[in-house]
Amino acid sequence: MARKSCHIPVTSTARFSAVFLLIASSLLLHGSAVSGGQNYHDALKKSILFFEGQRSGELPPDQRVRWRKDSALHDGASAGVDLTGGYYDAGDNIKFGFPMAFTTTLLSWSIIDFGRNMGSELGNALKAVKWGTDYLLKATAKEGIIYVQVGDAISDHNCWERPEDMDTLRTVYKIDVNHPGSDVAGETAAALAAASIVFRSRDPAYSRLLLNRAMKVFQFADRHRGAYSSSLRSAVCPFYCDVNGYQDELLWGAAWLHKASRRREYREYIVRNEVILRAADTINEFGWDNKHAGINVLISKEVLMGKADDLQSFRRNADGFICSILPGISHPQVQYSPGGLIVKAGVCNMQHVTSLSFLLLAYSNYLSHANKAVPCGETLASPSLLKNLAKRQVDYILGDNPMGMSYMVGYGEHYPQRIHHRASSLPSVRVHPAHIGCKEGSRYFLSPDPNPNPLVGAVVGGPNTTDAFPDSRPFFQESEPTTYVNAPLVGLLAYFSTHP
């Protein structure tokens, strides 16, 4: 099913007093309904394994999710290009370029900041990034064109079939000089640039290829400005419609290109366009459509290191982001469930939980190294407070919640059994070699039985505002996993696996 945008603009930064911080601390440290230590390394291993279950194209010999087989081997053929590979975004069989690029960016950031904590799982995390970047390189191989989607979402969502059986339209959608898409192009540039850092010492030639492509893609995004949903309309809306605008992706792309290349032109671009591209907008949003909080946290690292005094406004924005999401504040756009989970308006709430928690952890580390804290009203929010809040969210996902349920498939004793995911819910090709047609799969969709193929590591959309969870496929808002929920969680789990 579709993931509609979950973005509501925020125009003010909340402040709170010491008494609210006491409430916050109580929630962070004692808000769990079910206590108990977590095996973060096991969860890390499974969170990375999930991406192998989302792979499209010809699967490699070392594929570990064995119930998945090759699929979509002719993607791009209708446009005369090779667009095989990449990831299915969620429980359907479409390749949406916008969330795929964001997934790749966040996987890369997870490795950049927390790769040293991944231990034996670092190699698998690198493979997850490269599966994404190999596809993005194909999608950007033609100058002046970026292929941003493969598959017709309407026809796909009208069917319930395995990716190996797909007979729905594999329409190819692109942006070009006459049909711009600065949002998806800017995010693609960010993904390629971030990944170039990941592979800089591990595969220098591949890293250079990624960085050079990122620069070309960013130039295209900046020169031909516009939102891809305006160009492609019904092909991407309401599924991954750009609600927030393309301006943040331009700053986001420039920030990653500056971090990857150290070229002065990208820093000057950021300074010159900070106000024009609205860096201070909606500071407590971060996800595939809205990069504002991420921009401010990413750039603030250099400010806190004393290397970018001219970018102090980004640190103020990052501080404002922190104050706006701490519990104990009466804030209309970020609330907490009775069990302590971050709750934001819209569907697939867990995308907000993992992305915002990732920023909390990353920023807490930057603050720690600089021996700084965040001024929130009358009180300073310490790096340890931010880490505790991030850890509380991770623990909730893994089972420390009122339901006593892990929201990661295959982790713990009690986890979702009927996730909204075609490949997981239908018999595997090995078990059922015969083709299962578009509507033949409906009986599996409606079945009360558990999914026959557990998609280990998948984190679902999560419980509702009262901490209740319907373990049922038709409730896609709660039961569907996505790649961009897992990507930031990889970094969180890596850190807590060595800092429990």
Side-chain angles (χ1 to χ4, degrees), residues 1-13 89-90 92 94-103 105-106 146 148-149 153-154 157 173 175 179-191 221-222 224-253 255 273 276-296 317 321 324-325 331-335 342-356 359 461-462 476-477 480 482-485 487-488:
M1 298 296 289
R3 267 78 43 219
K4 296 182 176 65
S5 297
C6 308
H7 311 290
I8 302 174
V10 177
T11 57
S12 64
T13 300
D89 73 300
D92 51 25
I94 303 296
K95 293 192 298 202
F96 292 99
F98 200 1
M100 193 193 307
F102 178 70
T103 293
T105 307
L106 266 291
I146 301 177
V148 299
Q149 183 174 316
I154 299 297
H157 289 174
Y173 299 92
I175 57 173
H179 306 88
S182 301
D183 34 26
V184 64
E187 183 61 65
T188 301
D222 191 41
H224 307 285
R225 294 189 179 188
Y228 90 132
S229 50
S230 298
S231 297
L232 297 176
R233 297 182 178 86
S234 60
V236 298
C237 294
F239 314 103
Y240 289 101
C241 196
D242 178 10
V243 175
N244 181 64
Y246 62 82
Q247 291 84 354
D248 54 325
E249 275 81 26
L250 290 176
L251 280 174
W252 179 242
N273 288 284
I276 298 171
L277 297 178
R278 310 197 307 267
D281 281 12
T282 54
I283 57 171
N284 62 7
E285 289 275 358
F286 185 52
W288 60 264
D289 182 27
N290 192 321
K291 312 305 184 309
H292 285 102
I295 293 165
N296 291 311
N317 293 339
F321 155 68
S324 74
I325 67 170
H331 194 287
Q333 303 306 330
V334 181
Q335 299 294 327
I342 290 174
V343 176
K344 288 179 70 69
V347 303
C348 188
N349 182 64
M350 214 62 93
Q351 66 178 312
H352 305 298
V353 177
T354 59
S355 292
L356 295 177
L359 293 185
F476 72 92
Q477 298 181 9
E480 186 170 23
T482 71
T483 59
Y484 47 88
V485 168

>> Is the distance between the ring centroids of Phe286 and Phe102 under 6.0 Å?
In response: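 Yes, ring centres under 6.0 Å apart.
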Measure the spacing between [atom1] of [X] and [atom2] of [Y] and express it to the nearest 0.5 Å.
X      : Y      : atom1 : atom2 : value
Ser229 : Tyr240 : OG    : OH    : 14.0 Å
Leu277 : Leu250 : CG    : CG    : 5.5 Å
Trp288 : Thr482 : CH2   : OG1   : 11.0 Å
Glu249 : Ile295 : CD    : CD1   : 7.5 Å
Ser230 : Ile175 : OG    : CD1   : 12.0 Å
Arg278 : Asn244 : CZ    : CG    : 7.0 Å

Just by distance, do the side chain of [X] and the backbone of [Y] share a donor-acceptor pair under 3.5 Å?
X      : Y      : value
Thr103 : Ala487 : no
Asp183 : Tyr228 : yes
Ser182 : Gln247 : no
Asp92  : Ala153 : no
Gln351 : Gly287 : no

> Taking side chain as C-beta onward, heavy atoms only, is Asp89 less than 4.5 Å from Met100?
Replying inline: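 No, every pair of side-chain atoms sits at 4.5 Å or beyond.
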>> Within the structure provided, determine whether Leu232 and His179 are in side-chain contact (heavy-atom separation under 4.5 Å).
In response: no
Non-hydrogen atoms of [X] and [Y] that approach each other most closely:
X      : Y      : result
Ile146 : Ala185 : CD1-CB, 3.6 Å
His352 : Ala345 : NE2-O, 4.0 Å
Trp252 : Gly294 : CZ3-C, 3.5 Å
Lys291 : Asp248 : N-OD2, 2.8 Å
Ser324 : Asn284 : OG-CB, 3.1 Å
Pro488 : Thr354 : CG-OG1, 3.4 Å

> Given Leu106 and Ser355, is the side-chain contact (heavy atoms from CB on, under 4.5 Å) satisfied, shown in steps?
Replying inline: CA-CA 9 Å; Leu106 266 291; Ser355 292; 5.5 Å; no
>> Is there a side-chain contact (heavy atoms from CB on, under 4.5 Å) between Val184 and Gln149? Walk through the geometry before answering.
In response: CA-CA 10 Å; Val184 64; Gln149 183 174 316; over 6 Å; no
